[in-house]
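All heavy atoms count here, side chains included; hydrogens, waters and symmetry mates do not.
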Amino acid sequence: MSFESIFVITVFLATIAGLIKFQHRPAAVFGCAMVLLFASGVVSTGDVISSASNEGLLTLILLMTCSLALEKTRLLRSVATTIIREKYSGTWLRLFGMTAITSAFLNNTAVVSTMLAPIRSNPYHASSKLLLPLSYAAILGGTLTLVGTSTNLIVNSLVIETSLEPLHFFDFTAVGACVVLASGFVLWLVSRFLPERNTEQESYREYFIDAKVLPGSSLIGKSIEKNGLRHLESLFLVEIIRASSPISPVSPTEVIQEGDRLVFTGDITKVMQLNQFEGLSIFADQNGLPMDNLSEVVIRPESVLVGKTLKTVGFRALFDAGVVAIRRDGERVSGKLGEVELLAGDYLVLAAGNDFKSRHNIYKNFILLSGVEPESKLSGAKETLVAVGFVGTLVLAAIGALSLFKGMFLLLGALILSGTLTSREIIRRFPSDLWLIIASALLLSKALTNSGVLDGLHVFQESYLTEMTPIGALIVVYVMTWLLTELVTNNAAAALSFPIAYSLALSLDANPMAFIMAVAFGASASFISPYGYQTNLMVFNAGCYKISDFVKIGLPVSLVYGITAVSAIVWVYGV
């Protein structure tokens, strides 16, 4: 074995060890591997450029970028409002079915993110009884199509790198449907063993936001539930002020009346969701100030605001700014925003006017912290453009009328030109870590080929593994990928397993497609660890779970998933 081969194998094994040791920094680990391979001369400049501009990789980046616009529509929130019911079984079935279906076509991280708020705020069931099934349903649904999960798109980029024909939209569907049905049934049976823990919905470190129901609002005369006010993302309705009297806690059947002040608490960057409701005015709106230029400040002890209210102090005239939200550490703020007596140390989010920064009294009264960029929501023509454009592109890609890369490229251009997505939003949410991980993994695969390691694997198989059958090798590939995805992450597992699986298929003269599917489905089989898949990590803290909860529920699901996936792959593709 040459020195070059030994070096590449060392880098490969070191990458796996690094991913296990530094689970939360996969981009840094893969980045180091890329630098070592390039510096050693094992891969050329052309190899680096080719890996970074792989069509499958660029398709994934385009899809994730266009999904940012989809997150700004009411589509997923509308789906979420139809799920929660008083009966647990009905809620569970709706949650599993809707999540699996939407995750097959949309980014499953976005799906889970949207569902978190309505599940955590629902009045009928402990959120810990639903959040884990939510994550597992998103994982299972993602296996149904090419675009259902980033893992499938990563595998597709690796397929393209080997000069094979790209995977088609529904190549995963037959196996995925078997997996969804079998694993879903087991999940239904074991969900009764989920812990019943009520998560704390309110946090005194969250902002308090006051909104008024104006005359003629579409909210008037309908309940909180029907208006969808319990299903907002990271904003929770904690109180209604009606004729100076507070109503708290707020029942889902409470009917909105004209003049009600709705008090929300939560993530201030989600405040633009409230603009979707006709006739609902945020406190700062009354001053005619722009909501896209927010600043976070702390009131100084010597400020003229201490001991006074916003209504009495003439805040707009003093500072050319309006208060959007207020936060007080260690204490819940209640009542109308304009009537809250301000204290030193209170945090305010301000909608700043043109003269705000030029006022001489700003630094005397406030400690300026940072700007706050609210996540805006779409409506009207822009919302229609996103929904029709996204669905249309997926349909055209599914029937083969347009490549997914070209469709997403054109859609992104339309979103930017129409102002639906801004360059600042794209830069802020750009998946640079994922790009680096996949590009580095592609380069590592190229290094394994260039150094002759994969050829050596072929010789090793012919010399020592002559008794291994294709089905036995397929099981080994699946188990190897599954173990990696539980130890590291799903994306890293797919990238590391693919070159070995593909080489093994060639050396056994087996069907490469079966081994490719084993990698794809093995990399998505993250049910036992909260760290292997992003949606698991999202619900881990939100549901107050312990690792033992994942093991107890995830182990039977994982076993049935594996048996079903391997059996279905052999049935559909043969070996």
Side-chain angles (χ1 to χ4, degrees), residues 67 71 75-144 148-151 176 179-181 183-199 201 228 230-234 236 490 524-547 549-554 556-558 561:
S67 294
E71 292 176 29
L75 178 61
L76 287 174
R77 186 172 62 83
S78 299
V79 170
T81 60
T82 66
I83 288 174
I84 306 298
R85 293 292 184 272
E86 189 170 352
K87 192 175 180 182
Y88 177 74
S89 59
T91 297
W92 193 99
L93 290 171
R94 284 185 178 85
L95 177 68
F96 183 86
M98 296 294 284
T99 303
I101 292 169
T102 51
S103 293
F105 301 97
L106 307 177
N107 183 291
N108 50 21
T109 303
V111 172
V112 171
S113 175
T114 304
M115 300 289 191
L116 278 176
I119 289 175
R120 292 178 67 196
S121 62
N122 89 87
Y124 305 120
H125 316 291
S127 56
S128 58
K129 300 287 283 187
L130 294 170
L131 287 175
L132 201 58
L134 167 68
S135 178
Y136 287 178
I139 294 171
L140 294 170
T143 65
L144 288 167
T149 172
S150 59
T151 307
V179 164
V180 169
L181 293 173
S183 301
F185 178 70
V186 174
L187 180 59
W188 163 252
L189 294 178
V190 299
S191 286
R192 69 187 67 183
F193 302 114
L194 283 164
E196 191 158 337
R197 303 189 187 109
N198 285 303
T199 55
Q201 294 176 14
R230 295 188 69 85
H231 305 290
L232 301 174
E233 183 184 353
S234 301
F236 304 97
N490 57 320
S524 288
S526 180
F527 302 103
I528 300 175
S529 166
Y531 304 109
Y533 207 95
Q534 191 167 352
T535 60
N536 284 347
L537 200 57
M538 291 168 69
V539 303
F540 182 53
N541 293 321
C544 296
Y545 292 114
K546 301 174 182 176
I547 292 179
D549 296 324
F550 277 82
V551 175
K552 180 172 63 177
I553 304 300
V557 173
S558 187
Y561 176 101

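Considering every non-hydrogen atom in both Val180 and Gly141, the closest pair reads CG2-N, 4.3 Å. In terms of heavy-atom proximity, Ile547 sits nearest to Pro530 at CG1-CG, 4.2 Å. For the pair Phe96 and Gly184, the tightest heavy-atom approach, listed with the atom from each and the gap, is CZ-CA, 3.5 Å. Residues Ile83 and Arg94 approach most closely at O-CD, 3.6 Å, considering heavy atoms. The two residues Pro556 and Val190 have their closest heavy-atom pair at CG-CG1, 4.0 Å. For the pair Lys546 and Phe540, the tightest heavy-atom approach, listed with the atom from each and the gap, is C-CE1, 3.9 Å.
At a threshold of 4.5 Å between non-hydrogen side-chain atoms, the residues Val111 and Thr99 count as touching.
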Exercise. Run the side-chain contact (heavy atoms from CB on, under 4.5 Å) check on Thr143 and Thr149 step by step: do they pass?
Worked result: CA-CA 7 Å; Thr143 65; Thr149 172; 5.6 Å; no

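One distance of note links CG of Leu144 with CD1 of Ile101; it measures 9.0 Å at 0.5 Å rounding. In this structure, OH in Tyr545 is found 9.0 Å from OG in Ser135, a value given to the nearest 0.5 Å. Put simply, CD1 on Ile528 and CD1 on Ile553 are 12.0 Å apart, with the number rounded to the nearest 0.5 Å. Remark: Ser127 OG to Ile119 CD1 distance equals 8.5 Å, nearest 0.5 Å. The CG atom of Leu140 sits 10.0 Å away from atom CG of Leu181, with the distance rounded to the nearest 0.5 Å. Rounding to the nearest 0.5 Å places NZ of Lys552 at 8.5 Å from CZ of Phe193.
In terms of the side-chain hydrogen bond (donor to acceptor under 3.5 Å, both in side chains) criterion, Ser103 has no residue partners (sequence neighbours excluded). In this structure Pro133 satisfies the side-chain contact (heavy atoms from CB on, under 4.5 Å) test together with Trp92, Leu187, Ser191, Leu194, sequence neighbours excluded. The ring-ring contact (aromatic ring centres under 6.0 Å, His included) check on Phe527 picks up Tyr136, Tyr561, with sequence neighbours excluded.
Counting non-hydrogen atoms of other residues, nucleotides and ligands closer than 6.0 Å to OH of Tyr124 gives a total above 12.
Side chains of Asn490 and Ser526: a donor-acceptor N/O pair is absent below 3.5 angstrom, by distance only.
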